[in-house]
> 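This structure is in structure tokens; I'll ask about it shortly.
By convention in this document, chain letters (A, B, ...) are assigned in the order of the sequence lines, proteins followed by strands, and residues within each chain are numbered from 1. FYI, side chains are in, hydrogens and waters are out, and symmetry mates aren't considered; it's all heavy atoms of this structure.
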Amino acid sequence: MPNSNDEPGTRETGRVELAVVGAGPAGLAAAVTAADHGLDVVLLDAAAAPGGQYYRSPAEGLGATRPGALHHDWPTFTELSARLAAHRDTGTIRHLTGHQVWTVERTGDGDWILHAVTGADEEVRTAVRARRMLLATGAHERQLPFPGWTLPGVVGAAGAQAMLKSGLVLLGSRIVVAGSGPLLQAVALSLTRAGARVPALVEAAGYGAYARAPRVLAANPGKAAEGARFAAELAGARVRVLSHRAVTEVHGDERVEAVTVSRVDRRWRPVPGTGRRIACDALAVGHGLMPQLDLAVAAGCGTRPGPDGTHAVTLDEQLRTTVPGVWAAGESGGIGGVELALCEGELAALSVVREIRGGVRGREARRAVALRRSRRRLRAFADLMGAVHRPGPGWREWLTDGTEVCRCEEVGAGRIRTACEELGAGDTRTVKLLTRAGMGWCQGRTCGFAVRELAAAHGGGQEPGGPDRRPLACPVKLSTLADLSGPG
Amino acid sequence: MRRTRARTPAELVGAAPETEFQLTFDGRPVRALPGQTIAAALWSAGILTWRTTRVHGRPRGAFCGIGACYDCLATVNGRPNQRACLLPAAPGDTVMTQEGDGHAELER
């Protein structure tokens with residue numbers, strides 16, 4: 001029962017059949033599918049409105065009459081939102097907005113308790129007790145450091161997109177988009193549609209690499225067509241697409257004034273003497289996405305490395321994790337995009353229904369078969385995409401000793417090199433203990449991939465297989481933590 | 001999706017915002033629209049920096065834009081370490097550049 005308001009403490013909900021974490025495409029699809037089949041569902045999400053990062057939309061007060069203008073496939077989202085609203089009205093789904101789940105624990109009788117905080121000051125703490133848990137926690141952007149990337153005016157490509165979609169703002173008027181991965185094309189197009197000039201899209205990999213998997217391409221004609229549409233529209237918006245190139249330096253004192261773009265070889269090694277300066281007032285940069293695994297790892301779910309170099313939750317054909325009672329869908333199981341997330345969300349929910357009922361009827365069984373087939377096809381494309389855009393080892397050569405790798409603790413590449421070469425660190429953990437890289441506010445979310453690669457290269461050591469472990473999915477106050485073990 | 005090219009994001013989505021309001025950043029007035037985060041309001045005013053780092057005192061602002069990197073920490077209404085990219089702006093908010101860990105006053 002809820003505690004009285006004048007007493008700090010945790011509000012607890014009654015036990016539900018299914019808790020879904022994350023209201024992005026996968027979580028939304030899962031929640032409404034489960035509710036369609038009569039399950040009582042709690043949907044927890046950190047944001048104020050459903051949609052996740054992909055279907056982020058302008059806040060209500062901004063009065064957008066055409067929110068879909070910033071999105072691909074907006075009707076899918078409006079349909080899911082309408083189903084969510086209907087289930088909220090009947091009480092089948094309790095949608096807890098603004099609830100950041102920071103940890104999960106299992107009770108003695110096999111239920112899950114999901115602990116969430118609400119508000120900038122963790123004013124409200126909530127504990128949701130659920131028989132089963134479905135994790136659709138999405139992804140965050142993968143970043144690689146380069147000289148000047150901490151200068152104001154350099155932002156994540158996904159971040160520029162998020163700020164545009166939710167706040168209708170641009171960080172500059174002449175924005176270079178750089179890094180690697182298909183997200184860059186979408187970001188460049190959004191920025192130009194919204195009035196910015198994008199002088200260049202700088203891609204470290206080459207799009208030609210997709211052609212090496214003709215069977216995967218043939219099975220996904222929609223993806224190839226989308227690529228062609230992007231290319232045509234980028235040309236129409238006068239965006240120069242520079243592949244096999246990378247931003248190797250950012251210029252400016254207090255903010256971005258220009259970037260140097262250099263040619264890179266197949267291993268992403270910058271080719272000396274090829275640098276060209278491009279004037280701009282901002283840089284939106286990203287090197288693909290990384291699954292957000294904190295809660296899955298906290299729950300004890302197994303993970304596996306993917307062809308893109310990130311770790312993802314290990315899933316079977318029924319989207320079950322290695323822990324009984326825990327399912328995952330969408331980017332948590334490997335970066336694959338919105339179409340795959342929608343497919344997996346629905347499939348995971350059907351799998352939960354199947355387990356509760358001990359089977360599903362004809363129509364649902366056929367639907368599940370079709371979804372599994374789509375999933376295999378889309379996962380094959382995702383694996384191809386991941387391999388094409390996986391950062392090559394040569395990126396390390398564009399670092400200088402002074403290039404900050406860990407933004408939080410301001411640790412330069414030189415200090416990490418010293419820790420590895422002179423002090424013998426050969427893995428992320430030892431580098432962290434010696435240099436504080438990854439020990440700051442973001443808990444290594446931003447620099448984790450880079451530090452891992454640097455440690456592996458310099459130390460020559462073998463990085464232990466798993467992803468970074470973060471017992472808490474976000475920083476919380478000590479009082480919130482203490483409340484876990486305190487009187488309920 | 002419409003393949004239009006607008007002059008501003010607001011024009012692109014046909015925004016008809018509710019009445020704008022004011023907050024202050026380091027004492028100077030900044031306009032914000034209802035629903036915008038602190039970071040969005042600051043970007044609109046051309047401000048990209050609202051924190052200096054603990055070690056080297058370097059300027060920082062929003063980076064990841066989704067609340068994951070904690071680079072955009074600001075002191076809002078006297079409370080340090082607020083993620084400006086997540087926190088909705090409210091009329092009369094006092095936003096201050098956060099220096100270091102934002103707790104300098106406690107250490108005095």
> Check whether Glu409(A) gets within reach of chain B through its side chain, its backbone, both or neither, counting any heavy atom under 4.5 Å.
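When you check distances to chain B, atoms from both the backbone and side chain of Glu409(A) fall under 4.5 Å.
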> Given heavy-atom pairs under 4.5 angstrom as the criterion, report whether the side chain, backbone, both or neither of Leu164(A) touches chain B.
side chain
> At a 4.5 Å cut-off on heavy atoms, which part of Arg445(A) comes close to chain B: side chain, backbone, both, or neither?
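Contact with chain B is through the side chain of Arg445(A) alone.
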> State the SG-CD distance between Cys64(B) and Glu141(A), to the nearest 0.5 angstrom.
9.0 Å
> Please classify the contact between Thr446(A) and chain B as side chain, backbone, both or neither, with a heavy-atom cut-off of under 4.5 Å.
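The side chain, not the backbone.
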> Going from CD on Gln143(A) to CZ on Phe63(B), what distance comes out if it is rounded to the nearest 0.5 angstrom?
3.5 Å
> Is Gln53(A) close to chain B through its backbone or its side chain, or both, or neither, when contacts mean heavy atoms under 4.5 Å?
side chain
> Is it the backbone or the side chain of Ala237(A) that comes under 4.5 Å from a heavy atom of chain B, or both, or neither?
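For Ala237(A), backbone and side chain are both near chain B.
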> Do Asn81(B) and Trp441(A) make a side-chain contact, defined as non-hydrogen atoms from C-beta onward lying under 4.5 Å apart?
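They are in contact (side-chain heavy atoms under 4.5 Å apart), so the answer is yes.
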> Using a 4.5 angstrom heavy-atom cutoff, name the option from Leu48(B), Leu33(B), Thr19(B) with the most pairs to chain A.
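Most heavy-atom pairs under 4.5 Å with chain A: Leu48(B).
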> To the nearest 0.5 angstrom, please state how far the CG atom of Leu151(A) sits from the CZ atom of Arg58(B).
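Separation between the atoms: 7.0 Å.
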> Taking the side chain as everything from C-beta on, heavy atoms only, tell me whether Val169(A) gets closer than 4.5 Å to Pro9(B).
no
> Do the non-hydrogen side-chain atoms of Val13(B) and Thr65(A) ever get within less than 4.5 Å of each other?
no
> Between Arg60(B) and Glu254(A), does any NZ, NE, NH1 or NH2 come within less than 4.0 Å of an OD or OE carboxylate oxygen?
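Between Arg60(B) and Glu254(A) there is no salt bridge, as every charged N stays at least 4.0 Å from the carboxylate O atoms.
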